[in-house]
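First comes the structure, then the notes that go with it.
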Amino acid sequence: MTSPQDITAAGIPLRRTTEDGVPTNDAPLVFRRARAGEYVRVRPGVFAPAEWWNAASRDDRFCASATALALTSRTDPVFCRETALVLYGLPLISRPGILTLRASSSSVAGSLKREKPKGATWPLFNERRISVPRAWSGLPTGQLHPFQQRLLSGSSLVLEDLRMCLADTLPRLPWEDAIVVADALLSGLRNSPANLPEVMARPWTVQDLASLAKTSSTQKAAHRLRRIAAFASPLSGSPGESWSRVVIDRLGFEPPELQHRVRAADGRLLGILDFWWQGLRLAGEFDGKRKYAGGNSYSGRDVHPVILDEKLRSERIQEEGVRFVRWMWDDLTSPRRLEAKLLRAGVPRR
């Protein structure tokens, strides 16, 4: 049975034990169940059933933690940097381990560590409050954090303006993460909330990315943002493909064509390849787990038909004289493995 204090965040049911500073009627029961390990205290005053919390993915627990923090703050916290990017639905390879917020003043900037509560398999996410960049002083509040998602009475999930957040965050990210984010913006392939304003939800252009340099806080950051815009592509079909492009470039190989269409002699489309080296008639394919993972696959279909279709697709393409080189996440985390595969396939250096 739900109550006005209940809310579901990232598929995890959350229950508040206070409303407007007053304990709820069922607060004593929730506290007893938390002491027994049946509930996890996500944040002071917000609890989740231990079974749900421990079974949830890391990303879902992260988003639920942000919601719990918003529910219990006296003023609406403004999420920024990597935390805001995740809440905007943008992918990151290095998933954030800290909830990052804007400090209302320099006196409250700093970090807060959360201890793992009883009943929790996973540690809670710590918090870090950071000051607004000096370069942004004088900007109106509405420009800094216009996105506000109402939760329950008196609480909202507030995100820093996407452009400001990107200008501040992208230059700080590892190169592969910056490109994964930039590619997702250009392609529109992201899991953004349905109620985002159109200016934030639509696919970006390279010019949009390059213009972020105008609001960066330093010349060094502006230079890096222009480099990111120059390397980014709207043709990457997944974070794994974006990361693959970065690793291929770092290893010094000839850059491949992206999303190459292979046709039969009669013009029939046989398939679209992740990567293509024309002179070698060589296809490169990134095989991430999600490609075949049943209901979570790119197609949303069961795993066995997906694998069979991929096998038949590869066979049809190979009949046209195309060779394949395939790699997975492990080859990206250990780049020398990918390097060995590409060298065996004959991919030339730049």
Side-chain angles (χ1 to χ4, degrees), residues 7-12 14 42-44 46 48 53 56-106 108-114 122-133 136 141 143-151 155-174 176-182 184-185 190-197 200-201 212 215-217 221 228 239:
I7 189 171
T8 299
I12 302 174
L14 301 177
V42 181
R43 285 296 183 275
V46 179
W53 183 260
S57 69
R58 187 180 186 278
D59 285 357
D60 287 345
R61 285 185 284 108
F62 186 83
C63 293
S65 297
T67 302
L69 180 55
L71 287 171
T72 55
S73 297
R74 292 182 179 179
T75 57
D76 292 337
V78 179
F79 294 99
C80 60
R81 293 199 180 165
E82 290 94 324
T83 302
L85 295 183
V86 169
L87 295 175
Y88 271 122
L90 289 163
L92 287 169
I93 298 167
S94 306
R95 310 303 289 176
I98 298 176
L99 293 168
T100 310
L101 310 96
R102 285 296 175 198
S104 56
S105 66
S106 58
V108 297
S111 299
L112 178 63
K113 186 176 182 180
R114 297 288 183 181
W122 315 103
L124 298 182
F125 295 97
N126 297 329
E127 299 161 22
R128 183 185 177 207
R129 285 172 166 77
I130 56 177
S131 301
V132 174
W136 296 0
T141 300
Q143 183 176 344
L144 291 177
H145 39 88
F147 178 69
Q148 187 174 83
Q149 181 180 353
R150 183 64 57 184
L151 297 174
S155 61
S156 298
L157 195 65
V158 182
L159 307 185
E160 194 162 73
D161 172 72
L162 182 57
R163 288 186 57 85
M164 308 300 289
C165 179
L166 290 166
D168 181 44
T169 310
L170 283 182
R172 304 172 188 274
L173 293 177
E176 57 269 23
D177 271 307
I179 296 305
V180 164
V181 171
L185 286 165
R190 53 189 187 273
N191 299 315
S192 299
N195 59 340
L196 279 183
M200 300 179 189
L212 293 175
T215 52
S216 60
S217 55
I228 292 168

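At distances below 3.5 Å, not a single donor-acceptor pair connects side-chain atoms of Asn126 with backbone N or O atoms of Ile98. In this structure, Ser57 contributes its side chain and Asp60 its backbone to a donor-acceptor pair below 3.5 Å.
Of the charged side-chain nitrogens involved, at least one lies within less than 4.0 Å of a carboxylate oxygen, so that Glu127 and Arg43 count as a salt-bridged pair.
Taking both residues in full, the closest heavy atoms of Val42 and Ala48 are given as CG2-CB, 3.8 Å, listed atom of the first, atom of the second, then distance. Considering every non-hydrogen atom in both Gly97 and Phe125, the closest pair reads O-CD2, 3.4 Å. Summarising the geometry of Leu99 relative to Leu101, their closest heavy-atom pair is O-CD1, 3.7 Å, with the distance given to 0.1 Å. Summarising the geometry of Arg58 relative to Pro96, their closest heavy-atom pair is NH1-O, 3.2 Å, with the distance given to 0.1 Å. The heavy-atom pair separating Ser65 from Trp53 by the smallest distance is OG-CH2, 3.4 Å. Closest heavy-atom contact between Leu85 and Cys165: CD2-SG, 3.8 Å.
Annotation: Arg163, atom CZ; neighbour count of heavy atoms from other residues, nucleotides and ligands within 6.0 Å is above 12.
Interatomic distance, Asp177 CG to Ile93 CD1, rounded to the nearest 0.5 Å: 5.0 Å. From Trp136, atom CH2 reaches atom OG of Ser131 across 12.0 Å, with rounding to the nearest 0.5 Å. Distance check, rounded to the nearest 0.5 Å: CD1 of Ile12 to SG of Cys63 gives 9.0 Å. A distance of 10.0 Å separates CG in Leu173 from CZ in Arg81, rounded to the nearest 0.5 Å.
No option in Asp161, Asp76, Asp168 other than Asp168 meets the salt bridge (charged side-chain N to carboxylate O under 4.0 Å, His left out) test with Arg102.
With a 4.5 Å cut-off on side-chain heavy atoms, Leu166 and Leu162 count as touching.
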